[in-house]
Engineer: 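Here's a structure for you.
In each ligand, atom 1 is the first atom listed, and ligand 1 is the first ligand listed. FYI, side chains are in, hydrogens and waters are out, and symmetry mates aren't considered; it's all heavy atoms of this structure.
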Amino acid sequence: MEEYNPQKFDKKWQKTWEESGIYHALDKVAEKQNFYNLVMFPYPSGDLHIGHWYNYAPPDAYNRLKRMQGFNVLNPIGFDAFGLPAENAAIQRGIHPKVWTYKNIERMKEQLKSIGACYDWSREVITCEPDYYKWTQWMFLQFYKKGLAYKKKAPANWCPNCKSILANEQAEGGKCWRCESVVEQRYVEQWFFKITDYAEELLKDLDKIDWPETTKIMQRNWIGKSGGAEIKFRIKDTEYEIAVFTTRPDTLFGCTYLVLAPEYPLINNLEPKIENLESIKRYIKESKKKTERERISKIKEKTGVEIKGIKAINPVNDREISIFVADYVLINYGTGAIMAVPAHDQRDLDFAKKYNLSIIEVIKPEKAQDKPLEKPPLVISGGMEKTYEGEGILINSERFNGISSEKARERIVEWLAKKNQAKKTIYYKLRDWLISRQRYWGAPIPMVFCQKCGWQSVPEKDLPILLPNIKDFRPTGEGKSPLAKSKEFIETECPKCQSPAQRETDTMDTFVCSSWYYFRYTDPKNEREFASKEKIKTWLPVNIYIGGAEHTVMHLLYSRFFTKTLRDLGYLDFPEPFLTLRHQGIILGEDGQKMSKSRGNVIDPDEQVKKYGSDVVRMYLCFMSPYNQGGPWNPKGIIGIDRFLKKVWAIFHVAQIDDSKNEKLENLLHKTIKKVTEDIENLRFNTAISALMILVNEMQKFKAQSLEYLKNLLLMLAPFAPHLSEELWSSFAKNSEDKHFNVANSVHNQPWPKYNPKLIREEIIQLVIQINGKVRDKIEVEADIPEEKAKELALSQEKIKKWIGGRSVQKIIFVPGKLINIVI
Ligand code: ANZ
Ligand code: ZN
């Protein structure tokens, strides 16, 4: 017998598939339903690692099922080629980013092809190609026209290592997403996209999409909707007022001072009245050095200075209270000022204790009695360690005493609103998306600055604004893009008045490029549009999107924003780009640790392919664990899959053909078809493979095999082991000349097998019926009887009816395949 040697045929089939164009998606196929299957495209990092394989190989099994089920599937791939990752790597190696990027793309393409996935390479998209970024720039211009792109001086996250400004999403927790350096604050002019205009819709539409709940929660928190009120505090003896944002207006009677962010503009206006101006100014200057993360840290001691000479008036009781500047209050959230309630807000309590400010408890952790208390308890202050931040009833709040905090929130705001001192408001934590990068390797921002006319957009006909091929592409470190060094690039004329003007030298955040690539795949060669409306309609929204969870508040949020904006611009008519989203887990080293070169636990997929062939690697990745969990690489596990495929190979090579029926095997076959179909549909690749293993073990017991069973086995293996299946399909067909095997056509073009429900004869089991834990009856039922049916059946048994004897049933516990317990 010829041995299983995938090295002999893997490459052959990959080449055949590529040359025949079998995986090319046609835009319209009569009687076929379109299905857009998308995987996150890689950035050209240099080498395909096992994580890439995990992102791409199991979804390919899913993809192949869809094809065989008769869907017209679009399964494209490309490269997210601009951006910091490629640029940093290029700088480290002293190679030009473009050279580096294209070299990597070439290499990664070869590696990607060795997965044997059915990508439609004819639609490849590379974001650093001018015919792609022309449209990235075009989108910028549409956003600008709509008022969704603007330039503003703003404090921004500066990564001292990457020497560039980062978006908030890329500096989560105060660290650079690329190199983990602690970011600094810089105050510079930057381009922004107004994603905040879509905050509410981005939040609301999460309910419309089938995404992992954890991912939705992260986006919800990132958008951070907060309902509350703005309360106005007058400043004594002036015409000024300070508005604060609070989510707890019910605690107003406990407000004992106000705090302004150091950047709060009113401080300038009040200067003449401030008695300690010097120390205030010093404090403001000091706080500029701190990052936002340091400022809001729960552990770091809170600092601040009282503004002497001015007082605020608490609108609920006209009490005079002090005003502080303190940097635990941020300028870019709410109104930049807060009312401090030390008894019920931990940050305020920490601060109050440090500066010896009074603490008034106003919420008691109790249920409301809905009538005012006879005698409210006394003011409690000092000695408090922990705040009570929950709901309760009001105390020390004059006529609101005894009312629930929820109700009091409404009533106090209504009351103050009449005096024009309060209004309900909503704030979002989401900030506008900062897209300027002072870096070379990105799409130039298509704007021109003219001394006379200000910022002007480049006329659309002049796009793309090409990224010049400059030698010195290193970041300057002075907050300017390397493009600023290229006179040729900068100098241009004003599109409006034709006088000399200068180009914007910042480039766009690479996440702009990746926010719309899935549209381009539908129409990758279009020179007049980013994609025609018709093509977009043909394929989008994406049916299923598979990729890592690490871009949850970046790529996955930005893409939703782009889709909504393009909808409002009239280019499409759906609100969400990705109907279903699934994340793969992470593959760990054999030692259960994260794979890293320094630990020496990295698995190189190329080596594995060399050793076992592509199918074994693919199939092992599908088999090793539930897809969304990942887990440690297990060398024994992959050997197991190797054995399995050898077994399959052997069955096909030693079998005598005998088409007589075998009832038991036939039932198992149909059960397996059902299970494998359902499991792949739900990305439960591991259990689908287990079912195939059971079937193969059973088949192995027979010397002679039925052609029909063999054929069905191959069809089910095709999504997981496409090379082996194709090889056996073609060679076996040649020898057998059987009608079952259509040699002229690839196994991957065959229809997916259907199971016959009649053949899946259910196993009959004994279901025990208990009442209050005591066995009272036994009935015969189908093993997989649904819960409702089992309960109904149990309750209708005469014996059971007698035992219940008209008493009411409290609860019914069902243990599938075993028992039912009726609690009365
Ligand atoms: C008084 C109060 C009493 C508050 C109380 C809370 C508890 P979220 O839910 O995150 O929106 N706050 C408002 N603006 C702020 C800013 N710019 N910097 C720092 N803190 C700010 O938080 C809203 C609460 O955070 C607001 O409600 C305010 O403190 C504070 F028992 O007002 B609260
Ligand atoms: Zn001009």
Engineer: Tell me whether the guanidinium CZ or amine NZ of Lys418 lies under 6.0 angstrom from the six-membered ring centre of Trp415 and within 45° of its axis.
Structural biologist: no
Engineer: Relative to the ring of His344, is the ring of Tyr388 parallel (under 30°), tilted (30 to 60°) or perpendicular (over 60°)?
Structural biologist: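 Taking His344 first and then Tyr388, their aromatic rings stand perpendicular (interplane angle over 60°).
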Engineer: Just to be sure I read this right, does ligand 1 sit under 4.0 Å from the backbone of Thr246, its side chain, both, or neither, counting only heavy atoms?
Structural biologist: both
Engineer: Please state which part of Ile338 comes within less than 4.0 Å of ligand 1, counting heavy atoms only: side chain, backbone, both or neither.
Structural biologist: side chain
Engineer: Scan Phe519, Phe578, Trp516, Phe143 and name whichever one has a ring-ring contact (aromatic ring centres under 6.0 Å, His included) with Phe562.
Structural biologist: Phe143
Engineer: Is the distance between the ring centroids of Tyr144 and Trp455 under 6.0 Å?
Structural biologist: no
Engineer: Students should be able to answer this: which protein heavy-atom is nearest to atom 9 (O) of ligand 1, and at what distance?
Structural biologist: Ser226 OG, 3.2 Å
Engineer: Note the single closest protein heavy atom to atom 27 (O) of ligand 1, along with its residue, its atom name and the distance in Å.
Structural biologist: Thr247 N, 3.1 Å
Engineer: Name the closest protein heavy atom to atom 30 (C) of ligand 1, giving the residue it belongs to and the distance to 0.1 Å.
Structural biologist: Arg347 NH2, 3.5 Å
Engineer: Just to verify, which of Leu148, Leu430, Thr565 counts as forming a side chain to side chain contact (heavy atoms under 4.5 Å, CB included) with Ile195?
Structural biologist: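 So the option named by the test is Leu430.
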Engineer: Please could you name the atoms of ligand 1 that Val341 approaches to less than 4.0 Å, counting only its heavy atoms?
Structural biologist: 3 (C)
Engineer: Could you give the distance from CD1 (Ile307) to CD (Glu271), rounded to the nearest 0.5 Å?
Structural biologist: 11.0 Å
Engineer: Which ligand 1 atoms, with their elements, are less than 4.0 angstrom from a heavy-atom of Arg248?
Structural biologist: 3 (C), 5 (C), 7 (C)
Engineer: Suppose I only count heavy atoms of Lys429 and a 4.0 Å limit; which atoms of ligand 1 are within that range?
Structural biologist: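 Near Lys429, the atoms of ligand 1 are 8 (P), 10 (O), 11 (O).
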Engineer: Which one of Tyr333, Tyr264, Tyr328 has a non-hydrogen atom at the shortest distance from atom 19 (C) of ligand 1?
Structural biologist: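 Looking at heavy atoms only, the winner is Tyr328.
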Engineer: Please indicate whether any nitrogen or oxygen in Leu330 is less than 3.5 Å from any nitrogen or oxygen in ligand 1.
Structural biologist: yes
Engineer: Locate the shortest heavy-atom distance separating His555 from Ser514; write the atom from each residue and the value.
Structural biologist: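 Closest approach of His555 to Ser514: CE1-O, 3.1 Å.
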Engineer: Per the ring-ring contact (aromatic ring centres under 6.0 Å, His included) rule, which among Tyr150, Tyr558, Trp222 passes with Trp433?
Structural biologist: Tyr558
Engineer: Using a strict cut-off of 4.0 Å, indicate which atoms of ligand 1 neighbour a heavy atom of Phe245.
Structural biologist: 11 (O), 13 (C), 26 (C), 28 (C)
Engineer: Which ligand 1 atoms does His344 reach within 4.0 Å, using its non-hydrogen atoms?
Structural biologist: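 Once the distances to His344 are compared, the set is 5 (C), 7 (C), 31 (F).
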Engineer: Describe, in one word, how the ring planes of Tyr328 and Phe351 are oriented to each other, choosing from parallel (under 30°), tilted (30 to 60°) and perpendicular (over 60°).
Structural biologist: tilted
Engineer: With under 30° as parallel and over 60° as perpendicular, where do the rings of Phe245 and Tyr333 fit, or are they tilted in between?
Structural biologist: perpendicular
Engineer: Within a distance under 4.0 Å of any heavy atom of Thr251, pick out the atoms of ligand 1 and give their elements.
Structural biologist: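 Counting from 1, the qualifying ligand atoms are 3 (C), 31 (F).
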Engineer: Any side-chain to backbone donor/acceptor pair from Arg248 onto Glu389? Under 3.5 Å, distance only.
Structural biologist: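 At least one qualifying donor-acceptor pair exists.
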Engineer: Among all the protein's non-hydrogen atoms, which is closest to atom 6 (C) of ligand 1, and how far away is it?
Structural biologist: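 Answer for atom 6 (C) of ligand 1: Asp345 OD2, 3.3 Å.
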Engineer: At a 4.0 Å threshold, what atoms of ligand 1 neighbour a non-hydrogen atom of Val329?
Structural biologist: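 Numbered from 1, ligand 1 contributes 16 (C), 17 (N), 18 (N), 19 (C).
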Engineer: What do we get for Tyr427 next to ligand 1 when only non-hydrogen atoms under 4.0 Å count, side chain, backbone, both or neither?
Structural biologist: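 Neither; nothing of Tyr427 gets under 4.0 Å from ligand 1.
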Engineer: Output the list of atoms in ligand 1 that are nearer than 4.0 Å to some heavy atom of Met339, sorted by atom number.
Structural biologist: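 Once the distances to Met339 are compared, the set is 1 (C), 32 (O).
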